[in-house]
There are 2 protein chains.
Amino acid sequence: MKPAAKRSLKTEKRLPNREEKSAARREAILAAALDEFSARGFAAARLDDMAKRAGVAKGTIYLHFRDKEALFQEIVRSLMGPFVGTVEHAFNADIPLRTLANQVVELFVREVFGTRRKDIIRLMMTEGPRFPKLAEFYYREVLSRVFNAARKRLQRALDTGEISHKALVRYPQLIAAPGITAIIWTGLFDRFEPLNVRELLQAQMNILFGEGRAS
Amino acid sequence: MKPAAKRSLKTEKRLPNREEKSAARREAILAAALDEFSARGFAAARLDDMAKRAGVAKGTIYLHFRDKEALFQEIVRSLMGPFVGTVEHAFNADIPLRTLANQVVELFVREVFGTRRKDIIRLMMTEGPRFPKLAEFYYREVLSRVFNAARKRLQRALDTGEISHKALVRYPQLIAAPGITAIIWTGLFDRFEPLNVRELLQAQMNILFGEGRAS
DNA sequence: TCATTATGACTGACTGGTCAGTCATAATAC
DNA sequence: GTATTATGACTGACCAGTCAGTCATAATGA
């Protein structure tokens with residue numbers, strides 16, 4: 001498949017070969033598609049616009065993705081999949097709950113709110129009901145894994161007396177809720193009443209787990 | 001079909017006159033449109049389907065609403081507008097905070113989650129970003145009024161020592177967050193992991209305001 | 001090394017279908 | 001009788017997905 005390219009020349013800047021170019025285009029298409037889906041929603045996003053934005057002909061999209069829906073699903077997969085491990089790892093670390101809470105806030109602010117993952121989550125909420133397959137993927141590969149890790153840690157915290165609210169083990173949604181709310185709020189109302197996302201999340205963590213210093 | 005009815009006979013069941021029929025149709029169209037918008041989202045919902053569902057010809061819709069977008073906005077207005085007063089009233093009542101919290105939970109479960117208002121809120125979250133005018137209307141006529149009432153009550157509670165978390169006055173979002181989250185969760189993941197909405201909301205209220213009896 | 005041939009990634013005009021909105025005609029209320 | 005309201009066939013714009021043809025790059029071989 002890939003025979004000797006320009007041979008191991010020292011040149012950092014080899015010309016990209018076919019395979020590399022193909023991969024680069026695939027990425028460009030994914031990025032462009034996310035922009036369009038975010039801006040217009042699934043139904044109203046135009047393949048023509050994505051192609052133009054990615055600097056590619058429309059037909060090219062169909063060389064990489066079966067159809068519009070597959071493209072959409074692949075965006076979710078490619079951005080959220082790798083992120084789950086990071087979150088699980090954070091929950092499994094052997095650190096005090098309050099420190100963990102601060103880390104989770106930072107992780108959310110930096111790796112979700114500060115990236116396109118915020119848009120992915122918004123799209124999941126927005127389009128999920130019409131893509132049961134995607135919702136299932138998201139539940140199985142993302143949510144249930146994150147929630148399991150969270151529940152395990154919360155149960156331990158309950159056992160050791162780090163927390164007293166039993167409800168948290170049953171409803172980790174209470175930890176996620178301000179993040180969800182922040183994503184929606186900023187998308188709709190930030191121009192009327194801007195929201196300090198980090199403060200909102202920290203406030204909930206303070207209430208749930210007691211006061212702790214800002215990191 | 002039905003010419004001059006029996007004139008002012010005592011008959012409770014007069015034939016509806018023009019005005020009444022028109023109003024009834026308008027309502028039927030609004031209801032049908034909400035069903036379609038909820039099921040498919042704004043862009044993908046079809047006027048033909050709404051007409052069929054409302055038992056009306058497509059053209060009739062345009063006798064009542066300028067276009068698809070106006071119809072959508074009118075749904076939000078007509079369902080949420082009257083509801084705001086109820087909520088403000090609840091917040092202004094002179095009752096203990098913990099009782100109020102229970103009432104708010106009940107109000108949400110019964111008047112939002114148990115009605116189409118749940119769908120309206122979901123649609124606002126879903127379609128709001130693409131309808132800045134609607135988001136503004138919603139903020140001005142619904143959210144800011146509810147939040148103001150909530151903030152006033154929470155400030156009083158803080159002054160009297162009913163609560164100790166100052167953050168609640170700044171971020172009433174923390175009270176709304178589980179409701180938002182519940183609406184999204186049930187729309188996406190209820191088939192994998194059903195959510196007891198009332199319990200979720202009560203759990204948050206318990207954490208925010210201390211344990212209280214279920215109403 | 002360089003000329004020739006083979007490959008398959010890429011293009012974009014095109015097709016078939018969809019759907020918001022219109023309007024001439026029909027039904028109905030007054 | 002006539003003004004108002006309702007109808008639904010129609011139109012024009014739009015867009016997902018297709019495919020015959022192009023051409024840069026890779027493979028071959030002399």
Side-chain angles (χ1 to χ4, degrees), chain A residues 1-7 9 13-30 32-33 36-37 39-75 127 130-131, chain B residues 1-8 14-30 32-33 35-37 39-75 127 130-131:
Chain A
M1 202 31 59
K2 69 294 315 290
K6 259 356 174 9
R7 242 32 22 65
L9 274 193
K13 302 232 166 172
R14 296 162 319 99
L15 298 194
N17 61 22
R18 280 231 263 249
E19 226 175 306
E20 289 165 329
K21 261 169 73 173
S22 175
R25 293 205 136 162
R26 194 189 137 91
E27 290 310 308
I29 291 168
L30 282 170
E36 294 295 329
F37 280 134
R40 300 179 181 279
F42 180 82
R46 281 177 295 235
L47 277 281
D48 282 308
D49 292 344
M50 298 175 193
K52 184 175 291 183
R53 191 186 279 264
V56 138
K58 182 154 63 146
T60 305
I61 294 176
Y62 288 87
L63 299 174
H64 292 273
F65 306 97
R66 191 169 23 69
D67 57 16
K68 195 184 186 185
E69 189 172 330
L71 171 56
F72 181 59
Q73 300 205 5
E74 191 51 30
I75 293 174
E127 310 288 352
R130 261 154 286 144
F131 296 94
Chain B
M1 196 55 35
K2 67 291 317 283
K6 261 14 178 350
R7 255 342 48 69
S8 48
R14 298 165 314 101
L15 298 193
N17 61 19
R18 276 232 268 252
E19 224 174 304
E20 289 165 329
K21 259 171 78 174
S22 175
R25 291 200 139 165
R26 194 189 138 93
E27 290 310 308
I29 292 168
L30 283 170
D35 286 341
E36 294 297 328
F37 281 134
R40 300 179 182 278
F42 180 82
R46 283 177 294 237
L47 276 281
D48 281 309
D49 292 345
M50 298 175 193
K52 184 175 291 185
R53 192 187 278 266
V56 139
K58 183 155 63 147
T60 305
I61 295 176
Y62 287 87
L63 299 175
H64 292 273
F65 306 97
R66 192 168 24 68
D67 56 18
K68 196 184 185 185
E69 189 172 328
L71 171 55
F72 181 60
Q73 300 205 5
E74 191 51 29
I75 292 173
E127 310 289 352
R130 261 155 285 142
F131 296 93

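Note on naming: letters A, B, ... go to the chains in the order of the sequence lines (proteins, then strands), and numbering restarts at 1 for each one. All heavy atoms count here, side chains included; hydrogens, waters and symmetry mates do not.
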Taking all atoms of both residues into account, what is the closest heavy-atom pair of Leu71(B) and Ile61(B), and its distance?
CD2-CG2, 4.3 Å
For atom [atom1] of [X] and atom [atom2] of [N], their distance in whole Å:
X: Leu63(B); N: dT7(D); atom1: CG; atom2: P; value: 9 Å
X: Phe42(A); N: dC15(D); atom1: CZ; atom2: P; value: 14 Å
X: Asp67(A); N: dG17(D); atom1: CG; atom2: P; value: 5 Å
X: Arg66(B); N: dG21(C); atom1: CZ; atom2: P; value: 10 Å
X: Phe65(B); N: dT22(C); atom1: CZ; atom2: P; value: 16 Å
X: Ile29(B); N: dG21(C); atom1: CD1; atom2: P; value: 14 Å
X: Phe72(A); N: dA16(D); atom1: CZ; atom2: P; value: 14 Å

Below 4.0 angstrom from OP1 or OP2 of [N], is there any side-chain N or O of [X]?
X: His64(A); N: dC10(C); value: yes
X: Ser22(A); N: dA9(C); value: no
X: Arg25(B); N: dT7(D); value: yes

Strictly under 3.5 Å: I want the nitrogen or oxygen pairs between protein and nucleotides 16-19 of chain C, one per line.
unit_1, atom_1, unit_2, atom_2, d
dC19(C), OP1, Arg46(B), NH1, 2.9
dC19(C), OP2, Arg46(B), NH1, 3.4

side-chain contact (heavy atoms from CB on, under 4.5 Å) between Met50(B) and Val56(B): does it pass, once the steps are laid out?
CA-CA 8 Å; Met50(B) 298 175 193; Val56(B) 139; over 6 Å; no
Minimum-distance nucleotide to Tyr62(A) side chain [options: dG17(D), dA9(C), dG8(D)]:
dG17(D)
Under a 4.0 Å threshold between the charged nitrogen and the carboxylate oxygen, would Arg66(A) count as salt-bridged to Glu74(A)?
no
Determine whether the aromatic ring centres of residues Phe131(B) and Phe42(B) are separated by less than 6.0 angstrom.
yes
Taking the side chain as C-beta and beyond, is there a heavy-atom pair between Gln73(B) and Phe65(B) under 4.5 Å?
no
Applying salt bridge (charged side-chain N to carboxylate O under 4.0 Å, His left out), which residue pairs with at least one partner in residues 51-62 of chain A are found, sequence neighbours left out?
Asp35(A)-Arg53(A), Glu36(A)-Arg53(A), Asp48(A)-Lys58(A)
Both Gly59(A) and Ala43(A) contact DNA chain D. Taking the nearest nucleotide for each, which residue is further toward the 5' end?
Ala43(A)
With sequence neighbours left out, write down each residue that passes salt bridge (charged side-chain N to carboxylate O under 4.0 Å, His left out) with Asp67(A), or none if nothing qualifies.
none
